[in-house]
Amino acid sequence: MIIAIDGPAASGKGTLGKRLAKHYGYRHLDTGVIYRAVAKAMLDAGADLSNEMLAVSAALELDPEKFGNPALKTQQVGDAASVVSAIPKVREVLLNFQRQFAADPPGAVLDGRDIGTVICPHADVKIFVVADPRVRARRRTLEARARGEDADEAAVLADILKRDERDQNRPVAPLKPAPDAHLLDNSNLDIEAGVRAAIDIVEAVR
Ligand code: C5P
């Protein structure tokens, strides 16, 4: 069983993915973290983010043990991730890892931008999560402040919109719902209600 969750920045897909995986006893992969890890390696090396050769070697050298690093969560790394993730060869290198993760038993929940369209086009269930950009900016700002970062909501909103626009308009694996994806608008849902709505979608197709 594969559950694919896609959606724009800060739409709540990560939380949903984690909760769905827990509910069904499946493994969970936040695929954004993979691109963030590549971006962080590039930033740490002071590399030009559009340097394809360096980005590809950073992708080849990724260590999944480090995907939990809290330093991957920052806005700067998220921004850089949306630049390196537009490099087709970087995506190519990371494809097999994601497909293998999805294929291993007993089942998996993957969240990202292209899970339902490119990584797992045959996923059993596809959910495309959307939320009003102002709601997303509010949530992201509160999360950043909870981590002790000094976040300005208007700047967070601008960043989210810029990243969505970059992710939607890249030629390879752009952010878009698969034709068979179920839309879940969580603008007015709290976490519990969002999780229930997602479980309802999964149960309807299981
Ligand atoms: O979801 P998250 O904000 O962590 O993703 C960071 C960036 O990684 C996104 O803005 C997007 O450019 C890229 N990404 C992607 N494909 C995915 C997941 C994330 O291109 N499946």
Side-chain angles (χ1 to χ4, degrees), residues 2-18 21 28-43 49-50 52 55-56 58-59 62 64 66-102 108-121 123 126-131 133 135-137 139-141 143-144 147 149 151 155-178 181 184 186:
I2 298 174
I3 302 175
I5 307 181
D6 291 301
S11 55
K13 56 194 186 313
T15 304
L16 266 185
K18 204 183 294 164
H28 171 235
L29 182 63
D30 165 3
T31 63
V33 157
I34 308 177
Y35 297 94
R36 285 173 180 264
V38 174
K40 175 139 194 325
M42 299 285 282
L43 291 171
L49 294 173
S50 59
E52 179 182 278
V56 167
L62 280 190
K66 294 189 186 149
F67 287 169
N69 181 356
L72 297 178
K73 285 285 156 209
T74 67
Q75 184 171 311
Q76 186 206 15
V77 172
D79 263 348
S82 97
V83 177
V84 297
S85 71
I87 303 174
K89 279 195 183 146
V90 168
R91 307 197 70 86
E92 214 177 290
V93 166
L94 301 172
L95 188 89
N96 281 340
F97 172 78
Q98 296 173 80
R99 288 210 175 134
Q100 188 58 53
F101 185 95
V109 182
L110 284 81
D111 69 78
R113 302 290 187 293
D114 64 337
I115 308 303
T117 51
V118 177
I119 306 294
C120 302
K126 299 179 185 178
I127 302 176
F128 195 84
V129 187
V130 294
V135 172
R136 293 190 274 138
R139 290 182 188 151
R140 222 359 95 88
T141 304
E143 275 169 26
R147 284 197 303 266
E149 286 169 35
V156 172
L157 176 61
D159 174 70
I160 283 176
L161 294 176
K162 182 178 74 186
R163 206 135 64 80
D164 287 352
E165 134 87 32
R166 203 185 276 142
D167 291 344
Q168 282 159 347
N169 292 306
R170 67 186 174 211
V172 176
L175 166 68
K176 64 168 183 212
L184 198 169
N186 77 8

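In each ligand, atom 1 is the first atom listed, and ligand 1 is the first ligand listed. In this chain, residues are counted from 1 in sequence order.
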Scan side-chain atoms only and decide if R170 and S85 contain a donor-acceptor pair under the 3.5 Å cut-off.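 Side chains of R170 and S85: pair found under 3.5 Å.
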When you check the side-chain N and O atoms of R166 and S82, is any donor under 3.5 Å from an acceptor?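 Side-chain D/A pair, R166 to S82: present.
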With heavy-atom distances below 4.5 Å as the criterion, would you say the side chains of D111 and V129 are in contact?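 Not touching, per the 4.5 Å side-chain cut-off.
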Enter the distance from D167:CG to R113:CZ here, rounded to the nearest 0.5 Å.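 Going from CG on D167 over to CZ on R113, the span is 5.0 Å.
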Check whether D6 reaches the backbone of I115 with its side chain - one donor and one acceptor, N or O, closer than 3.5 Å.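 Checking the backbone N and O of I115 against the side chain of D6, a donor-acceptor pair under 3.5 Å is found.
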Can you establish whether the number of heavy atoms outside Q76 located under 6.0 Å from its atom CD is more than 12?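 No, the 6.0 Å shell around CD holds no more than 12 heavy atoms from other groups.
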If you count only heavy atoms, which residues are under 4.0 Å from ligand 1?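 Only K13, T31, G32, Y35, R36, A81, S82, S85, R91, G112, R113, D114, R163, D167, R170 have heavy atoms that fall under 4.0 Å of ligand 1, ordered by chain and number.
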